[in-house]
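Structure first, commentary second.
Counting convention: from 1, in listed order, for ligands and their atoms alike.
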Amino acid sequence: MSKNDMWGGRFSGGPAEIMEKINASIGFDKALYKQDIRGSLAHSDMLAAQGVISVGDRDAIHAGLKEIEKEIEAGTFDFKTELEDIHMNVESRLREKIGDPGARLHTGRSRNDQVITDVRLWLRDALDGIDALMADLQRALLDKAEMYADTLMPGYTHLQSAQPVTFGHHLMAYVEMVARDRGRMADCRKRLNECPLGAAALAGTSFPIDRHQTAAALGFDGPTRNSMDSVGSRDFILEFLAAGSIHAIHLSRLAEEIVMWMSDRFAFISLSDAFTTGSSIMPQKKNPDAAELVRAKPGRLLGAFISVSTMMKGLPMTFCKDMQEDKEPLFDAVESLTLAVAATAGMVDDLKARPDRMQDGLKQGFPTATDLADWLVRVLGLPFRDAHHVTGALVAKAEARQVDLADLTLEEMQAVENRITDDIYSVLTPAASVASRTSFGGTAPVRVREAVKAARADYL
Ligand code: ARG
């Protein structure tokens, strides 16, 4: 085994095979090649502007790095495990191509600030991509909410029939969840958008570098303020994984509802062939696999959060090699979340409500019982607790006869409360119930349409 020519000066031997294997990150951190090259372009520009390297060296570095980017993209770049990671693979190839100027690139920086600059750049792009998909999901939900602003369905608590709502109102609940999720992602983006480059190994550098210049060139709001924190912290990754987990949890709830609504007991919606799969043995099947996979994704996001937070816990300042383990969970989390949001938006776009089946659902579970109690309060002046009691007795009667509340005769009602009049039937239909719920944020179709309009203006 030969010693590493990137740092082998004080070494007389090379690493054991297993050492090389556990140490290498090139297998996964090659995903950072674009950001790594971008960072090196900005760093060499700054070194030349500050007179630390010559303009000629800078030009050679730029030309070499651009060629390397093309080699990587063409698949001709030879990634070497013995060069550990993307940073040393690129730098070593640069020296191979341009010689001495390539060897000057690493002046005033370290892999410690380099890697975390790369990851911040990478995650910033990933966040922008995810946010655009989250906006697409909101758009899809809003379109369907508008389309189904009047479509009646049972609303549930404890998954027991509770009160009638509209399908549009139900979908709008998710628009709000996604809005908060996007807010959390935006907070995360803001805090990560500081540039660690130039913190060097941990203490800063004696070269006259300009960290403000590199920060601006890379689109950061400014340089990070403390060199030790710069190379020793990963909370921006944890913050993304926490926000991502919350979003994945929200998506999984909608996914579970899609699975439920697709089942033949509910049959509240249908999905087209584009978002379902068949069974290899049961010819009648149309399975909501995409929804089930979205339902499963929080496992990966939360797993990544646990993984990285456990890795960071108790680490002394500053960089420790442990931190190399941040990347695989992060990359997997981004890929999983990206798939989950895009698939959810696709399913929402695709789904069609089955209002007839939702109506059938409203015939069970006495969803207008609260409207009956409210009528007793409003018209007869009963205290709500007494009204609740009277209504309970009427529900028991209807249940015994296996009919809906609206099917009880006036005599049957009056046997429980003799002041009840015919007018009571006007509040016992789901349509009347929903139309009456006009409080701000309520399910009345007028409110739902207003909410759709406000959300389009505020969120998209
Ligand atoms: N591959 C390392 C990582 O992923 C880069 C930083 C290595 N720095 C060091 N001094 N060994 O974190």
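Close approach of ligand 1 to D85 is summarised as follows: ligand atoms under 4.0 Å from at least one heavy atom of the residue are 1 (N), 2 (C), 5 (C). Set against the non-hydrogen atoms of K327, the atoms of ligand 1 under 4.0 Å away are 3 (C), 4 (O), 12 (O). Atoms of ligand 1 lying under 4.0 Å from at least one heavy atom of S25, given by number and element, are 1 (N).
In terms of protein heavy-atom proximity, atom 2 (C) of ligand 1 is closest to Q324 OE1, 3.2 Å. For atom 9 (C) of ligand 1, the closest non-hydrogen atom of the protein is N112 OD1, 3.4 Å. Summary of contacts: the protein heavy atom closest to atom 6 (C) of ligand 1 is F319 CZ, 3.6 Å. If you check which protein heavy atom lies closest to atom 11 (N) of ligand 1, you get R111 NH2, 3.5 Å.
At a 4.0 Å heavy-atom cut-off, ligand 1 does not touch Q114 at all.
Within the cation-pi definition used here (under 6.0 Å to the ring centroid, within 45° of the axis), R182 does not qualify as a partner of Y459. Both tests pass for K30 against the ring of F79: distance under 6.0 Å to the centre and angle within 45° of the axis.
Using modelled atom types, one finds a donor on one side chain and an acceptor on the other under 3.5 Å when comparing T224 with R211.
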For residues 335-343, dump all side-chain donor-acceptor pairs below 3.5 Å to protein atoms at least two apart in sequence or in another chain.
unit_1	atom_1	unit_2	atom_2	d
S336	OG	D332	O	2.8
T338	OG1	V334	O	2.6

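The OG atom of S40 lies 8.5 Å from the CD1 atom of I61; values are rounded to the nearest 0.5 Å.
Between F167 and Y148, the ring planes lie tilted relative to each other; the angle falls in the 30° to 60° range.
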